[in-house]
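Since we're looking at a predicted model, the values are computed, not measured.
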Amino acid sequence: MTMRLDYNQLAPAGAKALGTLYGYVSQSGLSPTLVDLVYLRVSQINNCAFCLDMHTRDLLKKGLPIEKLALLQAWREAGDLFDPRERTALAWAESVTRVADTGVPDEDYEAARDVFAEKELVDLTLAIGLMNTYNRMAISFRNTPQAVLKK
């Protein structure tokens with residue numbers, strides 16, 4: 001894979017704006033591990049190799065059990081491995097990421113509202129939207145995953 005262009009260099013103000021939102025999400029009060037799980041799940045849905053590599057590394061550094069990484073894509077079948085907040089966040093992330101197919105139905109919203117406070121749900125949705133944007137940038141311009149660079 002060859003990088004097509006360096007969007008961070010070409011549009012530094014745009015990259016900074018995304019970075020500001022990333023910083024906001026990091027300071028939002030949501031669990032950093034929960035946010036990284038959501039980032040990784042969104043990146044799985046979008047098949048973003050760059051972000052899959054990065055968020056897997058981030059979660060390993062945070063000490064996430066390998067079982068959770070291995071079963072994230074099949075979290076619904078993983079029993080109690082994922083706690084209720086994680087399961088709800090992952091379901092919300094899937095619905096919002098696949099908005100063109102799901103329309104984010106009322107049932108998904110109500111399920112998320114049963115677990116997350118309103119501000120938390122807004123912050124979680126901002127995180128999901130941010131990762132979808134980062135995925136689209138990385139895929140479109142062929143950001144090279146760290147694992148490939150080390151090869």
Side-chain angles (χ1 to χ4, degrees), residues 1 3-8 10-60 62 64 68-147:
M1 172 172 15
M3 185 179 220
R4 290 176 171 166
L5 58 81
D6 184 348
Y7 56 84
N8 291 307
L10 293 166
K16 183 178 179 184
L18 290 175
T20 298
L21 182 53
Y22 185 87
Y24 170 80
V25 170
S26 297
Q27 300 298 315
S28 69
L30 292 171
S31 157
T33 300
L34 176 76
V35 170
D36 277 337
L37 277 171
V38 165
Y39 286 164
L40 184 57
R41 183 66 191 119
V42 169
S43 298
Q44 287 175 335
I45 293 166
N46 291 324
N47 294 316
C48 181
F50 180 83
C51 295
L52 286 166
D53 181 70
M54 179 173 48
H55 297 296
T56 297
R57 291 173 191 279
D58 291 345
L59 285 162
L60 286 171
K62 289 178 178 160
L64 188 80
K68 279 191 171 183
L69 282 174
L71 295 177
L72 181 59
Q73 191 165 335
W75 64 269
R76 291 180 196 271
E77 290 80 38
D80 292 335
L81 184 61
F82 295 91
D83 69 35
R85 276 179 74 84
E86 291 169 338
R87 288 193 302 269
T88 302
L90 293 169
W92 184 246
E94 289 178 1
S95 187
V96 171
T97 297
R98 295 179 171 133
V99 64
D101 296 325
T102 69
V104 189
D106 290 342
E107 311 85 69
D108 292 356
Y109 172 75
E110 293 302 328
R113 277 286 287 121
D114 286 346
V115 174
F116 290 96
E118 288 179 345
K119 182 184 179 304
E120 288 179 319
L121 189 55
V122 170
D123 291 342
L124 181 60
T125 307
L126 286 168
I128 294 162
L130 174 65
M131 191 48 46
N132 274 288
T133 298
Y134 274 133
N135 290 167
R136 281 148 179 77
M137 297 298 286
I139 293 167
S140 298
F141 299 117
R142 302 293 192 259
N143 281 14
T144 306
Q146 185 178 343

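- Taking every heavy atom of both residues into account, G19 and Y134 meet most closely at N-OH, 3.7 Å.
- Atom-to-atom distance recorded for N46:CG and N132:CG is 5.0 Å, nearest 0.5 angstrom.
- Listed for the T97 side chain is no donor-acceptor partner under 3.5 Å among the backbone atoms of V42.
- Without hydrogens or angle criteria, S26 side chain to Y22 main chain gives a donor-acceptor distance under 3.5 Å.
- With sequence neighbours excluded, no residue forms a salt bridge (charged side-chain N to carboxylate O under 4.0 Å, His left out) with E77.
- Within the 4.5 Å cutoff, the side chain of T33 has heavy atoms near those of the L59 side chain.
- Taking the side chain as every heavy atom from C-beta outward, V38 and M131 never approach each other to under 4.5 Å.
- Taking the side-chain hydrogen bond (donor to acceptor under 3.5 Å, both in side chains) definition, one finds that K62 meets it with D36, sequence neighbours left out.
- Here the CG-CG distance, from L60 to L69, works out to 5.0 Å after rounding to the nearest 0.5 Å.
- For the pair T56 and L52, the tightest heavy-atom approach, listed with the atom from each and the gap, is OG1-O, 2.7 Å.
- For the residue pair A111 and T88, the shortest heavy atom distance occurs at O-CG2, 3.7 Å.
- Applying the salt bridge (charged side-chain N to carboxylate O under 4.0 Å, His left out) criterion to E86, with sequence neighbours excluded, gives K68.
- Taking CD1 from I128 and CD1 from I45, the interatomic distance works out to 9.0 Å, rounded to the nearest 0.5 Å.
- Between R87 and G79, the shortest heavy-atom distance links the atoms NH1-O, 3.7 Å.
- F141 meets the ring pair (Phe, Tyr, Trp, His ring centres under 6.0 Å) test with Y7; sequence neighbours excluded.
- Between atom OG of residue S43 and atom CG of residue N135 there is a gap of 4.0 Å, rounded to the nearest 0.5 Å.
- Within the model, atoms CZ of R85 and CG of L30 stand 7.0 Å from one another, a figure rounded to the nearest 0.5 Å.
- Residues in residues 69-118 take part in no ring pair (Phe, Tyr, Trp, His ring centres under 6.0 Å) pair, two or more places apart or across chains.
- Environment of CG in D80: sparse, with no more than 12 heavy atoms of neighbouring residues, nucleotides or ligands closer than 6.0 Å.
- The salt bridge (charged side-chain N to carboxylate O under 4.0 Å, His left out) check on R142 picks up nothing, with sequence neighbours excluded.
- The line from CG of L21 to CG of L130 is 4.5 Å long, rounded to the nearest 0.5 Å.
- Across all their heavy atoms, V96 and T125 have their closest contact at CG1-CG2, 4.4 Å.
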